[in-house]
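In what follows, chains are A, B, ... by sequence order, proteins preceding strands, each numbered from 1. From a predicted model like this one, the values you see are computed outputs, not experimental measurements.
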Protein chains: 2
Amino acid sequence: MEIVQNIKIAVDAIVFGYSENKLNVLLIKQKFGILKNQWALVGGFVKNEETLFEAVNRELLEEAGIKVNYLEQLFTFGDDINRDPRFRVISIAYFALVNSTKLILTADTDAEDAKWFPINELPTLAFDHLEILQTAKERLQSKLTYQPIGFDLLSKEFLFSDLENLYCIILEKEIDRRNFRKKILSFGIVEETNKYGLKTKGRPAKLYKFNKLKYNKLLKEGFLFDINFA
Amino acid sequence: MEIVQNIKIAVDAIVFGYSENKLNVLLIKQKFGILKNQWALVGGFVKNEETLFEAVNRELLEEAGIKVNYLEQLFTFGDDINRDPRFRVISIAYFALVNSTKLILTADTDAEDAKWFPINELPTLAFDHLEILQTAKERLQSKLTYQPIGFDLLSKEFLFSDLENLYCIILEKEIDRRNFRKKILSFGIVEETNKYGLKTKGRPAKLYKFNKLKYNKLLKEGFLFDINFA
DNA sequence: TCAAAAGTGTTCGGTGTACACCCATGT
DNA sequence: ACATGGGTGTACACCGAACACTTTTGA
């Protein structure tokens with residue numbers, strides 16, 4: 001049986017970053033091709049000899065010069081046959097998190113520009129990238145409540161108030177400071193250091209860190225991370 | 001920029017059915033090609049002009065003659081470059097549920113045979129289909145606890161004891177009958193009919209039915225289906 | 001001494017959990 | 001009358017939600 005398929009395979013990455021009390025998304029503007037002068041997600045075609053995972057990581061490095069903290073497959077977009085006007089492209093979208101938006105974006109080989117955009121101030125996006133982004137945002141929101149991925153958006157040592165804020169902003173709701181703190185600490189996977197954050201107004205705040213080893217150990221014992229506030 | 005890709009796109013479906021207190025999976029044996037005489041998931045290559053969704057439904061109809069109750073994208077398998085020995089194939093796997101395993105399986109065009117296998121008595125499977133199946137089983141287990149998909153595995157009208165059993169078997173744990181019943185009924189999305197199930201031993205059992213409209217209405221009001229027992 | 005943010009405890013109501021008894025039928 | 005599965009009710013413990021005060025710094 002001969003199979004004749006004229007379908008291309010691409011990977012796209014939705015990269016989230018958090019800084020200054022805002023949730024940001026990484027977008028690029030390409031030098032060449034159909035995407036010239038248009039903001040789009042990091043992505044590109046899969047090479048014959050590389051895995052999907054390798055393809056995403058390569059594009060992240062080539063187009064933005066970054067290595068991410070967290071990466072998982074999101075969804076495969078292939079039901080809109082004309083999502084790319086040139087020819088049929090099926091895109092396997094990935095969901096990524098990086099800590100600190102301050103990392104240097106090196107618009108490298110293919111990308112003319114790479115920038116962080118607050119999720120509420122997006123430019124017009126190429127193709128169906130806005131739809132992909134929306135799916136990614138929903139995944140982020142739901143996953144935040146049952147997996148400790150929030151820490152991948154913060155630096156290794158962070159302020160409790162930053163963690164609180166991150167949850168409030170991403171979940172788009174108010175959370176009681178005291179209950180939030182109590183809940184997180186009750187898990188025993190966040191530890192205080194003896195360092196303090198930068199001087200600001202008010203009482204100095206301790207830096208905390210996420211103990212991943214402890215978390216993995218608890219996981220095996222049946223522990224469930226779960227943060228669901230009314 | 002010219003893109004030369006030698007990658008084929010396939011869809012595969014993991015179809016679950018429930019009957020006689022067992023969780024079953026639908027497998028087929030193909031007439032032709034590399035899969036001759038091997039049990040495999042329903043699936044095949046995507047045609048140029050059809051959506052992914054259409055492709056899965058077509059294969060389900062062609063190879064097993066069924067229409068499913070529930071269908072969602074599961075995961076895209078493309079990290080093992082040699083998962084198919086002929087050439088590189090990326091498979092977009094779908095997760096499907098049907099009510100009652102008694103529906104007639106018509107091994108149609110391509111399939112020589114189509115059969116239900118209890119999930120604990122599987123034959124050797126083609127390619128990485130066992131891995132795909134494992135992923136599907138995990139999705140089923142987790143989704144069962146936060147979405148009312150159990151009803152898609154039962155007939156329109158069902159016995160409470162069947163629902164209880166379904167949960168016990170799929171989640172592989174014991175559940176207190178009384179608490180389970182109380183919980184489900186408290187949602188207000190399952191209603192009793194005035195019919196009774198087939199005569200068996202003991203007191204006759206009422207038939208119940210799932211009120212999908214009510215569920216959708218409650219969903220909009222922020223209702224969360226959630227069944228998690230210790 | 002005042003403002004501003006960090007850090008801590010208590011009360012209350014709801015819900016998950018464990019558990020025991022009655023009901024309706026066929027034999 | 002008895003075996004078999006269907007159907008109901010209660011008591012307790014724990015946890016999430018609401019909420020107020022003290023602490024530590026800089027100005």
Side-chain angles (χ1 to χ4, degrees), chain A residues 20-21 144-146 148 154-155 157-169 171-209 218 222-230, chain B residues 20-21 144-146 148 154-155 157-169 171 173-209 218 221-230:
Chain A
E20 290 151 30
N21 296 342
L144 200 60
T145 68
Y146 66 91
L154 297 172
S155 3
E157 303 190 327
F158 54 87
L159 302 175
F160 231 104
S161 55
D162 281 338
L163 188 64
E164 283 160 28
N165 252 296
L166 187 152
Y167 269 83
C168 290
I169 284 163
L171 299 181
E172 292 166 345
K173 62 183 171 189
E174 306 223 325
I175 297 174
D176 185 274
R177 273 174 51 232
R178 298 156 285 186
N179 291 336
F180 179 82
R181 192 190 191 90
K182 206 187 314 170
K183 188 69 184 289
I184 294 279
L185 289 175
S186 75
F187 294 153
I189 55 178
V190 169
E191 292 159 3
E192 67 176 55
T193 66
N194 37 28
K195 298 182 211 158
Y196 286 85
L198 296 173
K199 298 252 189 284
T200 58
K201 283 186 254 180
R203 175 172 173 176
K206 280 187 194 130
L207 288 170
Y208 293 78
K209 64 177 176 185
L218 287 173
F223 167 73
L224 277 183
F225 183 88
D226 178 49
I227 309 240
N228 253 320
F229 289 93
Chain B
E20 291 152 27
N21 297 340
L144 201 61
T145 68
Y146 65 91
L154 297 172
S155 5
E157 303 189 328
F158 53 87
L159 302 176
F160 231 105
S161 55
D162 282 337
L163 188 63
E164 285 160 29
N165 252 295
L166 187 152
Y167 270 83
C168 290
I169 284 164
L171 299 181
K173 62 183 170 187
E174 306 223 327
I175 297 175
D176 185 274
R177 275 172 53 230
R178 298 156 286 188
N179 292 336
F180 178 81
R181 191 188 191 91
K182 207 188 313 173
K183 188 69 185 291
I184 295 278
L185 289 176
S186 75
F187 294 154
I189 56 177
V190 168
E191 292 158 3
E192 67 177 54
T193 66
N194 39 28
K195 297 182 212 155
Y196 287 84
L198 296 175
K199 300 250 188 287
T200 58
K201 283 187 255 180
R203 176 173 171 175
K206 280 185 195 137
L207 288 170
Y208 292 79
K209 63 177 175 183
L218 287 172
E221 297 165 11
F223 167 72
L224 277 183
F225 183 88
D226 179 49
I227 308 241
N228 254 319
F229 288 92

- [ ] Take atom CZ of R177(B) and atom P of dT4(D), then tell me their distance rounded to the nearest Å.
- [x] 15 Å
TODO: Name all residues meeting the salt bridge (Lys or Arg N to Asp or Glu O under 4.0 Å) criterion together with R178(A); count only those two or more places apart in sequence or in a different chain, and write none if there are none.
DONE: D176(A)
Open item on the list: Strictly distance-based, threshold 3.5 Å: is any side-chain N or O of Y167(B) a donor or acceptor partner for the main-chain N or O of L144(B)?
Closed with: yes
TODO: Take the protein atom CG of N228(A) and the nucleotide atom C1' of dA17(D), then report the distance between them rounded to whole Å.
DONE: 13 Å
Open item on the list: Donor-acceptor check, side chain of K183(B) to backbone of D226(B), threshold 3.5 angstrom: yes or no?
Closed with: yes
Task: Length of the line joining E174(A):CD and dA17(D):P, which is rounded to integer Å - done: 15 Å
Open item on the list: Is there a side-chain contact (heavy atoms from CB on, under 4.5 Å) between F225(A) and I189(A)? Walk through the geometry before answering.
Closed with: CA-CA 10 Å; F225(A) 183 88; I189(A) 55 178; 3.9 Å; yes
Open item on the list: Restricting to non-hydrogen atoms, name the atom on K206(B) and the atom on T193(B) that form the minimum distance, rounded to 0.1 Å.
Closed with: CD-O, 4.3 Å
- [ ] Could you pull out all residues at least two apart from E172(A) that satisfy salt bridge (Lys or Arg N to Asp or Glu O under 4.0 Å)?
- [x] K137(A)
TODO: Give me the residues of residues 178-193 of chain A where at least one heavy atom lies under 4.0 Å from an atom of DNA chain C, by number, or none.
DONE: R178(A), R181(A), K182(A)
TODO: Could you check whether the rings of F229(B) and F180(B) sit parallel, tilted or perpendicular, using 30° and 60° as the cut-offs?
DONE: tilted
- [ ] Measure from CD on E164(B) to P on dG5(D) and round the result to the nearest Å.
- [x] 13 Å
Task: DNA chain C: 5'-proximal contact among T200(B) and D176(B) (nearest heavy atom) - done: D176(B)
Open item on the list: Angle between ring planes, F160(B) versus Y208(B), binned at 30° and 60°: parallel, tilted or perpendicular?
Closed with: perpendicular
Task: Selection: residues 201-208 of chain A, any non-hydrogen atom under 4.0 Å of DNA chain D - done: G202(A), R203(A), P204(A)
- [ ] Identify the 5'-most and 3'-most nucleotides of DNA chain C with at least one atom closer than 4.0 Å to a non-hydrogen atom of chain B.
- [x] dG16(C) to dG26(C)
TODO: To the nearest Å, give me how far apart CG (L163(B)) and C1' (dG6(D)) are.
DONE: 15 Å
TODO: Mind checking the OG1-CG spacing from T200(B) to L159(B)? Nearest 0.5 Å is all I need.
DONE: 8.0 Å
Task: Pairing residues for K182(A) by the salt bridge (Lys or Arg N to Asp or Glu O under 4.0 Å) criterion, not counting sequence neighbours - done: none
Task: Residues, nucleotides or ligands: over 12 heavy atoms within 6.0 Å of K201(A) NZ - done: no
